[in-house]
Undergrad: 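Please read through the structure below; I'll follow up with questions.
Convention: sequence-line order gives letters A, B, ...; per-chain numbering from 1. We use all heavy atoms of the structure for the numbers below, so side chains are in, but hydrogens, waters and symmetry mates are not.
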Amino acid sequence: MHIKSLFYFFKEALRGIVRNGWMSIASMGVVSITLLILGSFVVLSFNVDLVTHDLKEDVQIVLYIDEKANEGTRAVLHSKLVAHPQVSEVRFVDKEEAMGRLKEKLGDRSRLLEGYEKPEDNPLRDSYELRTSIPEEISAVAAQIESYPGVAEVDYGSGVVEPLFQFTGLVRWIGLAFMAGLAVTTVFLIAHTIRLTVYVRRKEIMIMKYVGATDWFIRWPFLFEGLILGLIGAVIPVIVIFYGYQAAALWMRSNIYFVSLLPPEKIVEKVVKILLPLGVALGIVGSTISVRRFLRV
Amino acid sequence: MIEIHHLYKKYGSDVHVLEDINLTIDRGEFVFVVGSSGAGKSTLLKLLLREILPTKGFIKVFGRDITRLRKREIPYFRRNIGMIFQDFRLLEDRNVFENVAFSLRVIGVSTREINKRVPLTLKLVGLQDKALKNPGELSGGEQQRVCVARAIVNRPAVVLADEPTGNLDPNTSMEIMKLLHDINVRGTTVIVATHAKELVDYFQKRVVVLEGNRVISDRERGVYLNAY
Ligand SMILES: Nc1ncnc2c1ncn2[C@@H]1O[C@H](COP(=O)(O)OP(=O)(O)OP(=O)(O)O)[C@@H](O)[C@H]1O
Ligand SMILES: [Mg+2]
């Protein structure tokens, strides 16, 4: 393809877009809305990932040892924990250390602990702190470990972790389903817009065929038209997301300190990488459908 | 240059339009194709342009059987043939220059070449002063001249005209036919399907009469038959 022809196709495509006016705006609008929703999900899921990642770091199993367990049982338990394939980290916390932590936690109110300080009066139990290599498997691992010898109790912050994982999974699936529906609508609308151009330009197309323009020469402007519609439709949500996110991040920083968000530049980079190719792809798929069904060249 | 052998064309399964047509047209000939409405004149021209395929038989143009052209060869074949229509088929949103240039642009001719050839062609058809007018601002005869210019600007070996004067008054029709005659004198083969009896009789060229699905007469220096 010549540069000159490229320029010609581009010009013809723009002509088509301008001529179709509202229809072009509608298709770009639908592309924009689809990609804006997709983009928002992307932003959300990157940040949820970040937060859950932080949370996952904190997720651990605490295993309390039965006070009545003898040295032999304890040794067996230790070796079984170390040998467990899903357990990535094993840390023993004796009851003195536990008492120390508790004191620190209570701070000013540590006087409450007076009278329990001597080792023989310490009501706390020795324990293990375990991490699993895959955070999502924590409950399964905890269930297995519960039956090990010398185990009094297993605690892993259930009730917090699992719903969170379930929630992020759900959000992702709903988002995907929603997006698939919108993508189909988008392709349909672009195809319809291009069809309108084909219709408006049927006389030109007929003349082109009579004077010997090649089929591809006739097709390219329509493919370009779809491509441009998709591309503009993708650029709009990128801009909206960038400024929207910047404002949101600013607000979050000054109002909710403890949540750390990805910086806007990073988000935009990720969003651009997803939205632009997708917009172009939607545009090309839409125009290809139209060219194949209505152009008949 | 054009050989038509035992050509049959039917539309659908029972509309027989052409049956056993045999014709040979040499380089530089001027041929009128006449016949009553529905005789198959337009169908014959469409076959020559490879717009449609025959049911049987073959058509050789420049020594090549065009019924066997591959799909992607068709555009290149058509660049050797100029087509003129009764209804002009000009692009209303472009001026005369651009209408003529259009047929060169879409086959990849350079702008420089276009700027050279289009004015020459417009001069040839007598429209050098109307280059920047839109088709809507022209008379019927002038519009048909634009159509002629568009058909010949690529210097095709053959020009096909389907009732080029059908929408024009007698005087203007004569002018257009003279223009086609000029083009023929310059070496282009011209085939004109027409109902214009006076013009056919005036020019005394070869006349092929289509009637009842067949060629019933084919004479040099012929006249329009009054048989129907
Ligand atoms: N696409 C088509 N499908 C079916 N029948 C067709 C088609 N095109 C033409 N015909 C029929 O074929 C016959 C010949 O048509 P054609 O247009 O070739 O005639 P013509 O000689 O050009 O007539 P006219 O002088 O009125 O232009 C007519 O009876 C017409 O109805
Ligand atoms: Mg006809």
Side-chain angles (χ1 to χ4, degrees), chain A residues 1-24 193-228 287-288 290-297, chain B residues 45-46 48-52 61 66 69-85 87-94 98-114 121 135 146-162:
Chain A
M1 205 196 294
H2 279 267
I3 293 293
K4 193 170 66 75
S5 309
L6 212 74
F7 184 70
Y8 169 85
F9 297 145
F10 192 73
K11 219 174 67 189
E12 289 301 310
L14 285 182
R15 260 174 110 110
I17 289 171
V18 171
R19 190 154 29 188
N20 287 345
W22 287 110
M23 200 59 205
S24 299
T193 310
I194 306 291
R195 179 188 165 176
L196 210 70
T197 311
V198 172
Y199 181 76
V200 169
R201 296 189 48 194
R202 63 197 182 286
K203 199 166 165 187
E204 269 172 58
I205 293 166
M206 183 182 63
I207 293 166
M208 284 165 107
K209 285 194 206 174
Y210 277 127
V211 301
T214 59
D215 290 353
W216 274 109
F217 193 91
I218 297 174
R219 283 180 199 133
W220 274 117
F222 297 105
L223 296 177
F224 266 57
E225 189 175 338
L227 191 149
I228 293 170
S287 48
T288 305
S290 215
V291 162
R292 285 181 60 171
R293 286 196 50 198
F294 305 112
L295 202 50
R296 301 200 189 289
V297 296
Chain B
L45 295 192
K46 281 181 186 160
L48 286 173
L49 195 62
R50 181 50 183 82
E51 203 182 324
I52 52 176
V61 182
I66 63 163
L69 284 178
R70 273 180 236 166
K71 203 168 171 297
R72 60 183 163 76
E73 293 176 308
I74 296 171
Y76 299 96
F77 162 69
R78 287 196 185 146
R79 293 178 191 187
N80 300 300
I81 300 195
M83 188 76 200
I84 297 165
F85 312 94
D87 55 355
F88 319 140
R89 304 194 188 174
L90 299 173
L91 302 171
E92 306 298 332
D93 58 344
R94 301 178 200 221
E98 277 308 317
N99 264 281
V100 177
F102 184 75
S103 64
L104 294 177
R105 264 188 232 295
V106 301
I107 59 171
V109 176
S110 70
T111 307
R112 181 203 269 188
E113 188 69 15
I114 288 172
T121 310
V146 179
C147 188
V148 172
R150 182 177 63 193
I152 62 170
V153 70
N154 191 33
R155 305 188 188 119
V158 181
V159 168
L160 305 177
D162 193 354

Undergrad: At a heavy-atom separation under 4.5 Å, does A:R15 approach chain B through its side chain, its backbone, both, or neither?
TA: side chain
Undergrad: Considering all heavy atoms of both residues, which atom of B:P75 and which atom of A:A213 are nearest to each other, and what is their separation?
TA: CB-O, 3.6 Å
Undergrad: To the nearest 0.5 Å, tell me how far B:R89 CZ sits from A:K203 NZ.
TA: 9.0 Å
Undergrad: Using a strict 4.0 Å threshold on nitrogen-to-oxygen distance, state whether B:E51 and A:K209 make a salt bridge.
TA: no
Undergrad: List the steps, then state whether side chain to side chain contact (heavy atoms under 4.5 Å, CB included) holds for B:F102 with A:M208.
TA: CA-CA 8 Å; B:F102 184 75; A:M208 284 165 107; 3.4 Å; yes
Undergrad: Using heavy-atom distances under 4.5 Å, tell me whether A:Y210 contacts chain B through its side chain, its backbone, both, or neither.
TA: both
Undergrad: Go through the atoms of B:F85 and report whether side chain, backbone, both or neither lie under 4.5 Å from a heavy atom of chain A.
TA: side chain
Undergrad: So which heavy atom on A:F217 is nearest to which on B:V106, and how close?
TA: CE2-CA, 3.4 Å
Undergrad: Name the region of B:L90, side chain, backbone, both or neither, that has any atom closer than 4.5 Å to a heavy atom of chain A.
TA: backbone
Undergrad: Can B:R94 and A:E204 be counted as an ion pair, charged N to O under 4.0 angstrom?
TA: yes
Undergrad: Got a salt bridge between A:R201 and B:D93, using NZ or NE/NH1/NH2 to carboxylate O under 4.0 Å?
TA: no
Undergrad: Tell me, side chain or backbone of B:R50 under 4.5 Å from chain A's heavy atoms, or both, or neither?
TA: neither
Undergrad: Taking everything shown except A:F10 itself, do over 12 heavy atoms lie less than 6.0 Å from its CZ?
TA: no
Undergrad: Restricting to non-hydrogen atoms, name the atom on B:S103 and the atom on A:V211 that form the minimum distance, rounded to 0.1 Å.
TA: CB-CG1, 3.5 Å
Undergrad: Rounded to the nearest 0.5 Å, what separates atom CD1 in B:I107 from atom OG1 in A:T214?
TA: 10.5 Å
Undergrad: Among B:R79, B:M83, B:R105, who wins on heavy-atom pairs under 4.5 Å with chain A?
TA: B:R79
